[in-house]
Structure formats: C-alpha cells, structure tokens
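Down below is the structure, laid out as structure tokens.
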Amino acid sequence: MYRASDRLRNERWLADLQRAADRLDLGSEARSNAEDLFLSTVPENDRSKPAAIAASLYAGCLIAGDQRSQGAVADAVGVTRLTIQQRWKPLLERAGLDPPTW
C-alpha cells in the first residue's frame with residue numbers, strides 16, 4: 001500500500017505513466033491498476049522508474065483483461081521489451097499478487 005505523499009512525490013512519474021497509457025489507449029481500470037502497482041512498488045532510483053512504469057502498465061493491463069503486448073508497452077514508455085519481460089512478474093509478487101502461470 002502507498003500513502004498520499006507517495007502520489008505527490010511521484011507526480012512526474014505518474015504523468016509519464018498516464019502519457020504512455022494514452023498512447024496505448026488504455027481504459028480506466030488498467031490505468032488505475034498500473035498506478036496502484038507503480039505506487040506500491042516504486043523504486044528509489046530514478047533510473048529504474050521508467051522500467052517500473054512499463055512493468056506496472058503491462059501488469060495493470062493483464063489484471064484488467066485489457067491486454068497489450070510487451071512490445072507495445074515498451075514502445076509507449078521508451079524501454080526495451082526485455083525490461084518488461086524481466087520485471088512484470090516480480091512486480092506482481094511484490095504487490096502481493098500471483099502472476100499467471102501460462
């Protein structure tokens with residue numbers, strides 16, 4: 001869980017997340033899931049935050065049933081597909097969710 005101050009402290013990164021969600025044409029549930037995941041697991045290092053945004057968006061889409069490819073999410077955020085591939089499952093686990101087993 002996160003605090004309201006986490007949202008304020010990460011305003012810049014949440015704006016980046018929303019811009020990428022706009023590029024992906026995501027619905028409100030996927031956006032909300034992605035924000036919650038990002039804020040619940042936000043890394044300290046600013047260099048890691050774009051990767052966390054991408055993984056949060058991908059996982060948020062999966063949870064909402066609004067699937068996007070890892071490549072599409074990577075392009076929208078400006079990271080590599082491998083970045084998402086390596087981070088989305090651990091992100092879900094840190095948030096207390098079970099990743100799909102397919």
- Query: In Å and rounded to the nearest 0.5 Å, what is the CG to OG distance from L24 to S69?
  - Reply: 8.5 Å
- Partners passing side chain to side chain donor-acceptor pair (under 3.5 Å) against Q86 (at least two apart in sequence or in another chain): none
- Please report the closest heavy-atom contact between I84 and A54, naming both atoms and the distance. CG1-CB, 3.6 Å
- Item | Non-hydrogen side-chain atoms of L57 and F38 separated by less than 4.5 Å | no
- Query: When rounded to the nearest 0.5 angstrom, what distance separates CG in L39 from CG in D6?
  - Reply: 6.5 Å
- Note on the structure: Between S48 and R87 the two heavy atoms that sit nearest each other are O-NH1, 4.3 Å
- Worked verdict on D46 versus K49 for salt bridge (charged side-chain N to carboxylate O under 4.0 Å, His left out): CA-CA 5 Å; D46 282 354; K49 290 181 182 176; 3.1 Å; yes
- Partner residues of R23 under the salt bridge (Lys or Arg N to Asp or Glu O under 4.0 Å) criterion, sequence neighbours left out: none
- Determine yes or no for a side-chain-to-main-chain donor-acceptor pair under 3.5 angstrom, with T41 supplying the side chain and L37 the backbone. yes
- Message: When you measure from the side chain of R68 to the backbone of Y58, do you find a donor-acceptor pair of N or O atoms at a distance under 3.5 Å?
- Response: no
- To the nearest 0.5 Å, tell me how far Q70 CD sits from Q67 CD. 11.0 Å
- Task: Take L92 and I63, measure what side chain to side chain contact (heavy atoms under 4.5 Å, CB included) needs, and give me the verdict at the end.
- Result: CA-CA 10 Å; L92 284 177; I63 293 168; 3.8 Å; yes
- Item | Atom CG of N45: over 12 foreign heavy atoms under 6.0 Å | yes
- Pairwise side-chain contact, E29 with D66, heavy-atom cut-off 4.5 Å (strictly under): no
- Query: What is the distance from atom CZ of R3 to atom CZ of R9, rounded to the nearest 0.5 Å?
  - Reply: 8.0 Å
- Query: How long is the span from the CD1 atom in I53 to the CG atom in L14, to the nearest 0.5 Å?
  - Reply: 7.5 Å
- Message: Between S56 and A52 (side chain of the first, backbone of the second, donor and acceptor by atom type, cut-off under 3.5 Å), is there such a pair?
- Response: yes
- With sequence neighbours excluded, residues passing side chain to side chain donor-acceptor pair (under 3.5 Å) with D36: Y2
- Query: In Å, rounded to the nearest 0.5 Å, how long is the span from CZ of R31 to CG of N33?
  - Reply: 12.0 Å
- Report yes if the side chains of L97 and L91 come closer than 4.5 Å at any heavy-atom pair, otherwise no. no
